[in-house]
Amino acid sequence: MLVDGVTVIPDVVNPVHDITFSGITFAYTTWNAPTAEGYVDNQAGVLWDPTTRSPIRIPAAVQVHRGQRITFSDDTIRNLGTSGIDLADQTQDSTVYRSTVTDTSGIGVAVGEVDDYYQTQTALMTSGNTVSDNTIQFVGQEFADAVGVLVGHSRNTTLSHNDIGYTPYSGVSIGWGWGWASSCDLQAKQGLPQPCAHGSTYTGGNHVVGNHVHSVMGELNDGGPIYTLGGQASQSEFTGNVLGECINGCNAIYHDEGSSLWYTHDNVVKSIGGSLWLNLWTPTIHDDTIQNDFTDTDHYNNNGTDITFQPSTVVPDGNWPPAAQAIIDAAGPDTPKPALVDDDDLRIAYHGSWSSSGSRNYGDLDNGVHYSQQDGASATITFQGTGISFLTETNSDEGKIGVTLDGTAEPAVDANTAQRGAQQKVFTVKGLPSGSHTLTVSKIDGTYFLVDGFELIG
């Protein structure tokens, strides 16, 4: 007789249901457990309980347990010593929509658990939840392993058209369990101990669609804009995402250990330097389909099993073909755009040879810039308004900048100064007719040309 464990089935409860929280600000929570007990990191804001050694998570400012049809819309979640919103165990058909999550010590938004893979009863699964059209930035300000969005074991979860950025680790982490759901044969090929630990999962049918994930990996390594882990029980889709700006290097599309049954297609990967646009590093990654992606690098790794793979269309100079540009135009939230445009904003089109640099601590807008050493490299923004300012860094290794407004050349401006200056408005125009305008700035000379952002007027 073998005893593998015991599962306690809770008493039947009447779940909270059909509640909307709209236009509310949640702020100023705290969490003292790490001070008293230590912070025993596992991954992505999931910890080991110091006493029981079971997985726990950073608590959230707002936690929903077993909820049904709970909606958070147009809310602001900020300045937290915890995570933001947690759609926790068995929460179903609930939504986080058109909200802003910023300056959290932990995760931005969490969905599902990491220890209920064994569920077979539909009523006890986390399922049918949606996180869409949100701006989730500057998470993990205290606990650097945190991510913008964490999805544990969950069925039919949709992450769509979010803007997720400025994270110390990955932007999105979806799935759990490493190679647990992979066969013992595949685990042996990876070199995992035998006899193997093998089981099932109810995770599957998830959709990661149209997100803009950028400026990630500010402190840690071995992650990426969107990271998947563990097996899917049914096909999940990864499409229409725009991924870029990995500060300390990354794997842009990172299907990690055990990832299976992902249909990954029609994504755009840009501004990741020498990083990999795709990483399938080990045989327990299996039965995935990768096709029709656009990248500005040809670096990838495919050691998976039974992978249907098509190399990406490589576009090194920012002249994206219409299909890729349509993905870029559609990504991110369908909400009013801010007047302060950071260098990572999708409204900016970069042409020529460009790199990004984040976590510089030089006073940049959102602590990062795009830069080029190629004369003639340019950045273009089309905007609505009556004026605009161009923000750059001035320094002794920078030079003259060409300016074109609505197709007409303006006098060049100069970014060459004896001392470094951050967020310098070297070009400003006001009093334009209200409507659509296009501004292009380009490198004329000097060693470096930096784009820190733009400020729209009117």
Inset, instruction - Considering non-hydrogen atoms only, spot the tightest contact between Trp31 and Pro59 and give its length. - result: CE2-CD, 3.4 Å
Legend entry - Heavy-atom side-chain contact between Thr438 and Thr380 under 4.5 Å: yes
Inset, instruction - Measure the shortest side-chain to side-chain distance between Thr167 and Val147 over non-hydrogen atoms and say whether it is less than 4.5 angstrom. - result: no
Inset, instruction - Taking Ser182 for its side chain and Trp180 for its backbone only, find out whether a donor-acceptor pair lies under 3.5 Å. - result: no
Inset, instruction - Compare all side-chain heavy atoms of Asn361 with those of Asn367 and state whether any distance is below 4.5 angstrom. - result: yes
Legend entry - 4.5 Å side-chain heavy-atom contact, Leu456 and Arg347: yes
Inset, instruction - Would you give the length of the straight line joining atom OG1 of Thr392 to atom CG of Asp364, rounded to the nearest 0.5 angstrom? - result: 9.5 Å
Legend entry - Residues Asp296 and Tyr350: side-chain donor-acceptor under 3.5 angstrom: no
Inset, instruction - Examine distances only and state if a side-chain atom of Ser372 and a backbone atom of Ser353 form a donor-acceptor pair shorter than 3.5 Å. - result: yes
Inset, instruction - For the pair Thr52 (side chain) and Asp49 (backbone), establish whether a donor and an acceptor sit closer than 3.5 Å, ignoring hydrogens and angles. - result: no
Inset, instruction - Looking only at non-hydrogen atoms, find the nearest pair between Asp266 and Ile327 and report the distance. - result: O-CD1, 3.2 Å
Legend entry - Thr228-Ser259 side chain donor-acceptor pair, cut-off 3.5 Å: yes
Inset, instruction - Return yes if a side-chain donor-acceptor contact under 3.5 Å exists between Asp256 and Trp281, otherwise no. - result: yes
Inset, instruction - Report yes or no: does Thr201 contribute a side-chain atom to a donor-acceptor pair with the main-chain N or O of Thr203 at less than 3.5 Å? - result: yes
Inset, instruction - Find the distance between CD (Glu113) and NE2 (His153) and round it off to the nearest 0.5 Å. - result: 9.5 Å
Inset, instruction - Output the distance between atom NZ (Lys189) and atom OG (Ser183), rounded to the nearest 0.5 Å. - result: 8.0 Å
Legend entry - Heavy-atom closest contact (Gln291 atom, Thr289 atom, distance): OE1-CG2, 3.8 Å
Legend entry - Donor-acceptor pair, side chain of Asn134 and main chain of Ser99, under 3.5 angstrom: yes
Inset, instruction - On the 0 to 90° scale, with breaks at 30° and 60°, tag the Tyr263-His265 ring pair as parallel, tilted or perpendicular. - result: parallel
Legend entry - Between Trp354 and Phe449, ring centroids under 6.0 Å: yes
Inset, instruction - Not counting sequence neighbours, list each pair that qualifies as a side chain to side chain donor-acceptor pair (under 3.5 Å) and has a residue in residues 70-80. - result: Ser22-Ser73, Tyr28-Arg78, Asp74-Arg98, Asn79-Asp103
Inset, instruction - Find out whether Gln137 and Asp163 are in side-chain contact, i.e. whether some heavy atom of one side chain is under 4.5 Å from a heavy atom of the other. - result: yes
Inset, instruction - Could you go through the side-chain contact (heavy atoms from CB on, under 4.5 Å) check for Leu150 and Val46 one step at a time? - result: CA-CA 9 Å; Leu150 169 69; Val46 180; 3.9 Å; yes
Legend entry - Residue that, paired with His255, satisfies ring-ring contact (aromatic ring centres under 6.0 Å, His included) out of Trp262, Phe309, Tyr300: Trp262
Inset, instruction - Please work out whether the ring planes of Tyr227 and Tyr254 are parallel, tilted or perpendicular, with thresholds of 30° and 60°. - result: perpendicular
Inset, instruction - Go through the side-chain N and O atoms of Asp345 and His212 and say whether any donor and acceptor fall under 3.5 Å apart. - result: no
Legend entry - Flag for Gln190-Thr284: side-chain donor and acceptor within less than 3.5 Å: yes
Inset, instruction - Give, for atom CG of Asn211 and atom CG of Leu159, the distance between the pair rounded to the nearest 0.5 Å. - result: 6.0 Å
Inset, instruction - For residues Pro225 and Gly244, report the shortest heavy-atom separation together with the two atoms involved. - result: CG-N, 4.4 Å
Legend entry - Atom of Ala379, atom of Val451 and distance for their closest heavy-atom approach: CB-CG2, 4.0 Å
Inset, instruction - Evaluate side-chain contact (heavy atoms from CB on, under 4.5 Å) for Tyr362 paired with Val369, printing each intermediate quantity in order. - result: CA-CA 10 Å; Tyr362 286 149; Val369 297; over 6 Å; no
Inset, instruction - Decide ring-ring contact (aromatic ring centres under 6.0 Å, His included) for Phe454 and Phe383; before the verdict, give the C-alpha distance in whole Å, the side-chain angles of both, and the deciding distance to 0.1 Å. - result: CA-CA 10 Å; Phe454 299 86; Phe383 63 97; 8.5 Å; no
Inset, instruction - Using modelled atom types only, decide if a donor and an acceptor are shared between the side chain of Glu142 and the backbone of Gly81 within a distance under 3.5 Å. - result: no
Legend entry - Full working for side-chain contact (heavy atoms from CB on, under 4.5 Å) between Phe21 and Val64: CA-CA 12 Å; Phe21 299 86; Val64 180; over 6 Å; no
Legend entry - Backbone of Gly453 reached by a side-chain donor or acceptor of Asp343 within 3.5 Å: no
Inset, instruction - Can you measure from CG (Asn156) to CG (Asn206) and round to the nearest 0.5 angstrom? - result: 7.0 Å
Legend entry - Side chain proximity check, His207 to Ser160, heavy atoms < 4.5 angstrom: no
Legend entry - Rounded distance (nearest 0.5 Å) linking atom CG of Asn162 with atom CG of Asn241: 9.5 Å
Inset, instruction - Would you tell me whether His161 and Asp133 have side-chain atoms, one donor and one acceptor, within less than 3.5 Å of each other? - result: no
Inset, instruction - Please say which of Ile285, Asp287, Asp288 ends up in a side-chain contact (heavy atoms from CB on, under 4.5 Å) with Asp306. - result: Asp287
Inset, instruction - Look at the side chain of Gln374 and the backbone N and O of Gly352, then say whether any donor-acceptor pair between them is shorter than 3.5 Å. - result: no
Inset, instruction - Determine yes or no for a side-chain-to-main-chain donor-acceptor pair under 3.5 angstrom, with Ser83 supplying the side chain and Ile107 the backbone. - result: yes
Could you tabulate the donor-acceptor pairs under 3.5 Å formed by side-chain atoms of residues 119-128, not counting sequence neighbours?
from, atom 1, to, atom 2, distance (Å)
Thr126, OG1, Gln90, N, 3.0

Inset, instruction - Apply side-chain contact (heavy atoms from CB on, under 4.5 Å) to the pair Tyr371 and Glu393, showing each step before the final yes or no. - result: CA-CA 10 Å; Tyr371 69 92; Glu393 177 188 83; over 6 Å; no
Legend entry - Check against side chain to side chain donor-acceptor pair (under 3.5 Å), Thr82 and Thr29: CA-CA 6 Å; Thr82 60; Thr29 58; 2.7 Å; yes
Legend entry - Inter- and intrachain pairs under side chain to side chain donor-acceptor pair (under 3.5 Å), touching residues 314-327, at least two apart: Asp317-Asn319, Asn319-His351, Gln325-Asp329
Inset, instruction - For the pair Asp298 and Trp277, evaluate side chain to side chain donor-acceptor pair (under 3.5 Å) and give the outcome as yes or no after the intermediate values. - result: CA-CA 7 Å; Asp298 60 359; Trp277 76 263; over 6 Å; no
Inset, instruction - Could you tell me whether a side-chain N or O of Thr130 sits under 3.5 Å from a main-chain N or O of Ser132, the two making a donor and an acceptor? - result: no
Inset, instruction - Please report the closest heavy-atom contact between Phe294 and Ala323, naming both atoms and the distance. - result: CZ-CB, 3.8 Å
Legend entry - Side-chain touch Asp116/Tyr202, heavy atoms, less than 4.5 angstrom: yes
Legend entry - Side chain proximity check, Ile70 to Thr91, heavy atoms < 4.5 angstrom: no
